Amino acid sequence: MTDHEPRTIALKEWASAIQALAEGKQILLMRKGGIIEETRSFELKERAFYLYPTYEHQRSELLKPEHRHFVEESLQQWSPAQQTASIRLYAEVTDDLEISSQEELDRLRDHHIWTDMFAEERLRWKKKNPLHVLILRVYSIERPVDIPVEEQYIGCKSWISIPSGSVTSEMTPVLDAAEFEVMRSALLLSLQEQNIPNHKA
């Protein structure tokens, strides 16, 4: 790698959650910020980014029983000594919702793969800060690319900078426009009775 190599931004997320997005099982991610975030809380630095898979902290018991296979399947293809990461999804944020109460979080129960306990833990961590629920339009990269794992990728942080030169621009939406809008509308409707801040582009 040279100092002049083109870079682009990626969001780190569990490999199991990335697979759920890839299969259209959900269209959201929940973010509170990593322990070593520069700002001590999550910030939506970009509204479009690649998804970088992580494996170390995901556990099958933190997913609902019907979705635990996502963790098991992802771990079959990974080892701690692995020196590359596969970039295969690109995402655009359509909505950035700020969740501050347990009641609001409970309304999202049917829209994600995580257990109630894990979702509640994310809400309670850094309690003064809202939980960001990102609604994503997800795209599958036609030719996924394996990139070397760099030291800067390691640690509990949300955003990393990855080489962009080898990532193809040819992508296909995981869900067509109509399917995505059905899922997005259902999610937003479940929060309709609450005054949820929505930071759109």
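Everything quoted here is computed from the prediction, not taken from an experiment.
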[X] [atom1] to [Y] [atom2] distance, which is reported to the nearest 0.5 Å:
X: His132; Y: Asp96; atom1: NE2; atom2: CG; value: 5.5 Å
X: Tyr55; Y: Trp14; atom1: OH; atom2: CH2; value: 14.0 Å
X: Leu75; Y: Glu56; atom1: CG; atom2: CD; value: 10.0 Å
X: Ile160; Y: Ile9; atom1: CD1; atom2: CD1; value: 9.0 Å
X: Glu120; Y: Leu105; atom1: CD; atom2: CG; value: 7.5 Å
X: Met30; Y: Leu123; atom1: CE; atom2: CG; value: 9.0 Å

Could you check if a side-chain atom of [X] sits within less than 4.5 angstrom of a side-chain atom of [Y], using non-hydrogen atoms only?
X: Val93; Y: Ile135; value: no
X: Ser100; Y: Leu131; value: no
X: Met171; Y: Leu89; value: no
X: Val138; Y: Ile27; value: no
X: Ser158; Y: Leu11; value: yes

Any chance you could lay out the side chain to side chain contact (heavy atoms under 4.5 Å, CB included) test for Thr94 and Arg137, step after step, and finish with the verdict?
-> CA-CA 7 Å; Thr94 62; Arg137 184 82 193 277; 4.3 Å; yes
Which pair of heavy atoms, one from [X] and one from [Y], lies closest together, and at what distance?
X: Lys12; Y: Arg31; value: O-NH1, 2.9 Å
X: Gly24; Y: Val174; value: N-CG1, 3.7 Å
X: Phe180; Y: Leu136; value: CE1-O, 3.1 Å
X: Ser16; Y: Ile113; value: O-CD1, 4.3 Å
X: Asp95; Y: Arg47; value: N-NH2, 4.1 Å
X: Trp159; Y: Glu46; value: CH2-O, 4.0 Å

Would a distance-only check, ignoring hydrogens and angles, find a side-chain to backbone donor-acceptor pair under 3.5 Å from [X] to [Y]?
X: Gln26; Y: Leu28; value: yes
X: Lys32; Y: Asn129; value: yes
X: Gln82; Y: Thr84; value: yes
X: Glu181; Y: Ala178; value: no
X: Thr54; Y: Glu13; value: yes
X: Glu179; Y: Leu175; value: no

Give a yes or no on whether Lys25 atom NZ has more than 12 heavy-atom contacts from other residues, nucleotides or ligands under 6.0 Å away.
->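 It does not: Lys25 NZ has 12 such atoms or fewer within range.
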Enumerate the residue pairs fulfilling side chain to side chain donor-acceptor pair (under 3.5 Å) with a member in residues 62-72, sequence neighbours excluded, ordered by first and then second residue.
->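 Sorted pair list: His69-Glu73.
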Is the shortest side-chain N to carboxylate O distance from Glu121 to Arg124 below 4.0 Å?
->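 Salt bridge between Glu121 and Arg124, a charged N being under 4.0 Å from a carboxylate O: no.
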Any chance you could lay out the side chain to side chain contact (heavy atoms under 4.5 Å, CB included) test for Thr8 and Tyr50, step after step, and finish with the verdict?
-> CA-CA 8 Å; Thr8 191; Tyr50 294 97; 3.5 Å; yes
Shared hydrophobic cluster, Leu187 / Val182 (ILVMFWY, side-chain heavy atoms < 4.5 Å) |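 No, Leu187 and Val182 fall in different hydrophobic clusters.
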side-chain hydrogen bond (donor to acceptor under 3.5 Å, both in side chains) against Gln19, all qualifying residues, sequence neighbours excluded =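 Gln19: side-chain hydrogen bond (donor to acceptor under 3.5 Å, both in side chains) contacts with Glu23, Arg88.
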Looking at Ile87, Leu29, Leu51, which one forms a side-chain contact (heavy atoms from CB on, under 4.5 Å) with Ile18?
->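 Running side-chain contact (heavy atoms from CB on, under 4.5 Å) over Ile87, Leu29, Leu51 with Ile18 returns exactly one hit, Leu51.
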Begin with the C-alpha distance, continue with both residues' side-chain angles, and end with the deciding distance and a verdict on side chain to side chain contact (heavy atoms under 4.5 Å, CB included) for Gln102 and Asp106.
-> CA-CA 6 Å; Gln102 186 63 46; Asp106 289 346; 2.8 Å; yes
So Arg109 and Asp116, side chain to side chain contact (heavy atoms under 4.5 Å, CB included) or not? Walk me through it.
-> CA-CA 7 Å; Arg109 179 179 291 118; Asp116 288 348; 2.9 Å; yes
Check whether the ring centres of Tyr52 and Tyr153 lie less than 6.0 Å apart, and answer yes or no.
->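 For Tyr52 and Tyr153, the ring centres are under 6.0 Å apart.
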Tyr139 vs Glu92, side-chain hydrogen bond (donor to acceptor under 3.5 Å, both in side chains): CA-CA, chis, key distance, verdict | CA-CA 8 Å; Tyr139 299 83; Glu92 297 175 342; 3.2 Å; yes
In chain order, what residues pass the salt bridge (Lys or Arg N to Asp or Glu O under 4.0 Å) check against Arg122, with sequence neighbours excluded?
->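 Counting only residues at least two positions away or on another chain, Arg122 forms no salt bridge (Lys or Arg N to Asp or Glu O under 4.0 Å).
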Gln152 and Ser161 side chains, donor-acceptor separation under 3.5 Å |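 Their side chains do not contain a donor-acceptor pair, so the 3.5 Å distance test is not met.
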